[in-house]
Structures are given as structure tokens and as C-alpha cells.
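Computed from a prediction, not measured in an experiment: that's the story for all the values here.
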Amino acid sequence: MQHRDTQLLRVTLLAVGVALLASGAAEALRALIAVCTNLFYFQRLSAVPVSPWQHQLGAWAIAVPILGGLLVGGLARWGSPAIRGHGIPESMERVLRHESRIPKRLAVLKPLSAAIAIGSGGPFGAEGPIIATGSALGSMLGQLLPVSTRERKALLAAGAAAGMTATFGSPLSAVLLAIELLLFELSPLVLVPVVTAAAVAAVVRVALRGGAAEFAMPALAAPGLAVTIACAAIGAALGVAAVALTSAVYGIEEAFERLPLHFMWWPALGGIAVGVLGWFEPRILGVGYTNITATLDGSLAGRALAMLCLLKGLAWLLALGSGTSGGTLAPLFTLGGGLGVLLGSLLGAAFPSLGLDPHLAALVGMAALFAGASHAMLAAAVFACEVTGQTAALAPLLVACAAAYLVAGLISHSSIMTRKIERRGIHVPREFGPMMDPVA
């Protein structure tokens, strides 16, 4: 057996271990979020999942996100400032500048801070922190063992892919996300371990949580050419929206940086906005995966959906810009689904014979906004298929995500994942291909 094959086998076996660790971490974070939610909103010690908007605290609920922000700010000041943000840009920076070395303490502090932020009502998803935690676990193993920088990068990406798969049951899109945002190359040395880790995490997830799609929705019929073109138009519009949201996030972040206050206080200020907005619309609080399902299955529509998206978007922008800890995927899916329904309704009114299914419009919007914001075009399209089981929608999803990516790229080179690290002088590759594996 050649040295290259031995090297690949070793890294792949290590990736299996990383996948098991990341799957366990994903389950632990979900449980920790549930514990924090129960403590903050229901004053009980329980790991049973519950939605914060079911609370009976009255006006006292406004104070809960502020308290969570104070705790996260304290962890950032006295634990590690790297817990701030949604996790994926920080992992990208470690790959591009720090030889894929992530400080070991982040494997504990990142999920803890995210659980506190989300459990206290933060309008974030758990997927970004889980991906960051999986990355940290892979990097940590790569620092404990005598491996090369590329092997450590493969283990970091394997942890990220396993974490995403453990969250959503989406192994293929997790692999694509790792390729588009972390690996920046296509070679067996990095691809085989990542693919293996995602597959192992998918098996573990089925064993623990079953194989049902994460977001249930009515079955979609295969769309025709006219509907596919309409989906491309929705994607293009959401590419513009993605750039606007990205600029808003970093504009708010820059505004916080100009405050004459230590950064530890900023999440509490963001918590004020979340608390007040959550008082008016409690459904914006917490992860909000039920809102995504309700948008896709049509049970949430009209004025109620528009108000949810408006307030959720505003709370997410202010909270994320304040430097707290939480993911971006779930908020983007919520906003994208709502905007997709709105644009689909407008197209339906303008062209009554089009026959655009509002469920398809919601799904396309969800994927397209994420594609435009993250520039992870393939991952976004495949993800929407995997988490809903709607393979008939793959063609319009691909077209919509391509349109969103194209329009967003024409307007701005940076994405929501890269702008922060590009401002630090880090070049993020936009084109990548095979890298030759070294031969002994």
C-alpha cells in the first residue's frame, strides 16, 4: 500500500471518530438549549424541548434576553472573544490563516454560549454553533495527533459536516457546504474523510431521532418551464435581499463597535431589542424551526407571516450585530421562506395562468436567500431537498440558487460568511479545484 493510501485511510478512520464526537455534541447542545429555555422561561430543570413563546412571564419576558446577553458577554470577556458570532466565519479564518488550529476551549465555550443565547430567546438557529463545535472537535483531534495541516483541515471540515448532518439529517449538503466554505479544494485526502464523517453522522441521527424529514411539507409536483423561470426570478430578487441583509448585519456590527462600551455589554443591548420585539411577537424567540415548517406547509401565511418575518429579521440583525453567539441558517430560512411566499403571490397575481405552488415558492425562497447570503450555492439547493424530501423541486431550486448567487456576486464580492474575515485582510478563495496529494 502506497504512503498516500495509508495516509488517506488513517485520516478517514480519524474522521469516523470525529463524526461520533460531533454527533454527540449536537445532541448535547440540543439538550442544553432545552435546559436553558426551561430555566429562563419556565423556571424548571428539564431537557424536554419547549418553545420560549409559550411562556407565561408577561412583561418580565423582556428581561430574559437581556440576562442571556449579559451571560454571553461575560463568557466572551473572561472565556474567549472567539465565541462571538455565528461560528462559520471563525472556522473559515482558522482554515485560511491558522493552519486549521482552533483553541480547544471553544469546543466547550461555543456550545455553552450558544445554548445560553438561544435558550434566553435569541432568534438564532443551533446549526452554526453545532458546525463550529464540530469543527473545533476535529481540529482538537488534529492537534493532539501528529498530522499535517491538510489532514487537520480535513478533520476540521469532517467535524463541521458531521455537526450539520446531525442537526438536519442532510449529509450531502453538509459535504457541499464543507467544500464551498471550508476546504477550498477537491482531492481524496480531504473529500473522503468529510464524506465518511457525514455518512456516519447521518446513521447516528437516524438511530437517535429517526429518518423523517426535518421540515415536513406537502408533496410538490414536478414543475414545468414557466414555473422554473418564475423560480429563477424569485432567486434573483432574493440575491438582492441577501446582499441587503449582509450589509445590514455588518453595518449594525460596526455601529456597536463605535459604542464607548466594552464588547461584553453589547449582547445585553441586543437583548433589549430581542426582548421588546419578542413581547410583541413571541414566535420570533428561540430557534424557530416550527416557523420554518409552518411557512413551508402553508399554515403560516398572509399578514401573520409578514409580521413574523419583519420582527424576526429585525431582532436577528440587532442581536447578531451585537456580537452574541448564534447561528444564521435558521433565521435566513425563515426570512427566505416568507419572502418566497410574498414574491410567489405577486407573480401569481401578475400571471394568473402560471400556477406557481406557494409551497414551492416558500422552499425556493428559503434556499435562494441562503445561497445569496452565504455564496454556498450547491449546498443551499441540495439542503432544501434533503430537509424536506422534495426531490421534484431540485431543478427550480438549482436555478433559483444559481440566480441568487449570480446577482449577489455581481453586487458584492463578500458574503455574510466572509465579510468579517475579509475586513481583517484574509483572502477567501472563490475558485478552487484539485490539489495534488503529496507522495512520499
> With a 4.5 Å limit on heavy-atom distance, are the side chains of H375 and M417 in contact?
Replying inline: no

> So how far is it from H413 NE2 to E422 CD, rounded to the nearest 0.5 Å?
Replying inline: 4.5 Å

>> Using side-chain heavy atoms (C-beta onward) and a distance below 4.5 Å, is M92 in contact with I421?
In response: yes

> From L191 CG over to E185 CD, what is the distance, rounded to the nearest 0.5 angstrom?
Replying inline: 7.5 Å

> Considering all heavy atoms of both residues, which atom of A19 and which atom of A197 are nearest to each other, and what is their separation?
Replying inline: CB-O, 3.4 Å

> How far apart are the C-alpha atoms of T324 and F124, what are their side-chain angles, what is the distance that settles it, and do they pass the side-chain contact (heavy atoms from CB on, under 4.5 Å) test?
Replying inline: CA-CA 10 Å; T324 191; F124 307 109; 3.3 Å; yes

>> Taking the six-membered ring of F263 as reference, does the cationic atom of R84 (NZ for Lys, CZ for Arg) lie under 6.0 Å from its centre and within 45° of its axis?
In response: yes

>> When you compare the side chain of R94 with that of P103, does any pair of heavy atoms fall below 4.5 Å?
In response: yes

>> Please determine whether side-chain contact (heavy atoms from CB on, under 4.5 Å) holds for the pair I118 and C36, giving the CA-CA distance in whole Å, both sets of side-chain angles, and the decisive distance to 0.1 Å.
In response: CA-CA 8 Å; I118 298 170; C36 289; over 6 Å; no

> Any idea which heavy atoms bring G338 and C309 closest together, and the distance?
Replying inline: CA-SG, 3.6 Å

>> Could you measure the distance from the CD1 atom of I411 to the OG atom of S247? Nearest 0.5 Å is fine.
In response: 9.0 Å

> Is K153 reaching over with its side chain to a backbone N or O of L183, donor-acceptor style, under 3.5 angstrom?
Replying inline: yes

> Do Q143 and S100 come within less than 4.5 Å of each other through their side chains, counting heavy atoms only?
Replying inline: no

>> Taking S414's backbone N and O only, do any of them form a donor-acceptor pair with T418's side chain (distance below 3.5 Å, no angle check)?
In response: no

> Quick one: CD1 on I33 to CD1 on I116, what's the gap to the nearest 0.5 Å?
Replying inline: 11.0 Å

> Which atoms form the tightest heavy-atom contact between A362 and V341, and what is the distance?
Replying inline: CB-CG2, 3.5 Å

> Would you say the side-chain atoms of K110 pair up with the backbone N or O of P129, donor to acceptor, closer than 3.5 Å?
Replying inline: no

> Would you say the ring centroid of Y405 lies under 6.0 angstrom from that of F370?
Replying inline: no

> Is R205 close to T165 at the side-chain level, that is, under 4.5 Å between some pair of heavy atoms?
Replying inline: no

> Which atom pair, heavy atoms only, marks the closest approach of A367 to A380?
Replying inline: O-CB, 3.5 Å

> Is the shortest distance from a Lys or Arg side-chain nitrogen in E281 or K312 to a carboxylate oxygen in the other one below 4.0 Å?
Replying inline: no

> Would you call R423 and E253 a salt bridge, using N to O less than 4.0 angstrom?
Replying inline: yes

>> Under the rule for side-chain contact (heavy atoms from CB on, under 4.5 Å), what residues qualify as partners of L378, not counting sequence neighbours?
In response: L176, E180, L398

>> For the backbone of A136 and the side chain of S139, can you confirm whether one donor and one acceptor N or O come within less than 3.5 Å of each other?
In response: no

> Taking the side chain as C-beta and beyond, is there a heavy-atom pair between L141 and L137 under 4.5 Å?
Replying inline: no

>> Quick one: does any side-chain atom of D297 pair with a main-chain N or O of A216 as donor and acceptor, under 3.5 Å?
In response: no

> Hey, mind stepping through F333 and F383 against side-chain contact (heavy atoms from CB on, under 4.5 Å) and telling me if it holds?
Replying inline: CA-CA 11 Å; F333 297 153; F383 175 85; 3.3 Å; yes

> Between the side chain of E386 and the main-chain N/O of A381, is any donor-acceptor distance below 3.5 Å?
Replying inline: no

>> For S412 versus V243, what's the shortest heavy-atom pair and its separation?
In response: CB-CG1, 4.1 Å

> What are the two closest heavy atoms between S135 and L182, and how far apart are they?
Replying inline: OG-CD1, 4.5 Å

> Can V249 and L245 be said to form a side-chain contact (heavy atoms from CB on, under 4.5 Å), step by step?
Replying inline: CA-CA 6 Å; V249 165; L245 285 172; 5.5 Å; no

> What distance do I272 atom CD1 and I66 atom CD1 have between them, rounded to the nearest 0.5 Å?
Replying inline: 4.5 Å

>> Any side-chain to backbone donor/acceptor pair from E127 onto L329? Under 3.5 Å, distance only.
In response: yes

>> What I'd like to find out is whether the side chain of M307 reaches to under 4.5 Å of the side chain of F280, using heavy atoms alone.
In response: no

>> With a 4.5 Å cut-off on side-chain heavy atoms, are S374 and S415 touching?
In response: no

>> Donor-acceptor pair, distance only, cut-off 3.5 Å: does the side chain of Y289 make one with the backbone of G125?
In response: no

> Are any side-chain N or O atoms of S173 and backbone N or O atoms of S170, one a donor and one an acceptor, separated by less than 3.5 Å?
Replying inline: yes

> At what distance, to the nearest 0.5 angstrom, does CE of M164 lie from CD1 of I131?
Replying inline: 5.5 Å

> Can you name the residues that form a salt bridge (charged side-chain N to carboxylate O under 4.0 Å, His left out) with R419, not counting sequence neighbours?
Replying inline: none

> Counting N and O atoms only, with roles assigned by atom type, does the side chain of W266 sit under 3.5 Å from a partner on the main chain of L261, one being a donor and the other an acceptor?
Replying inline: yes

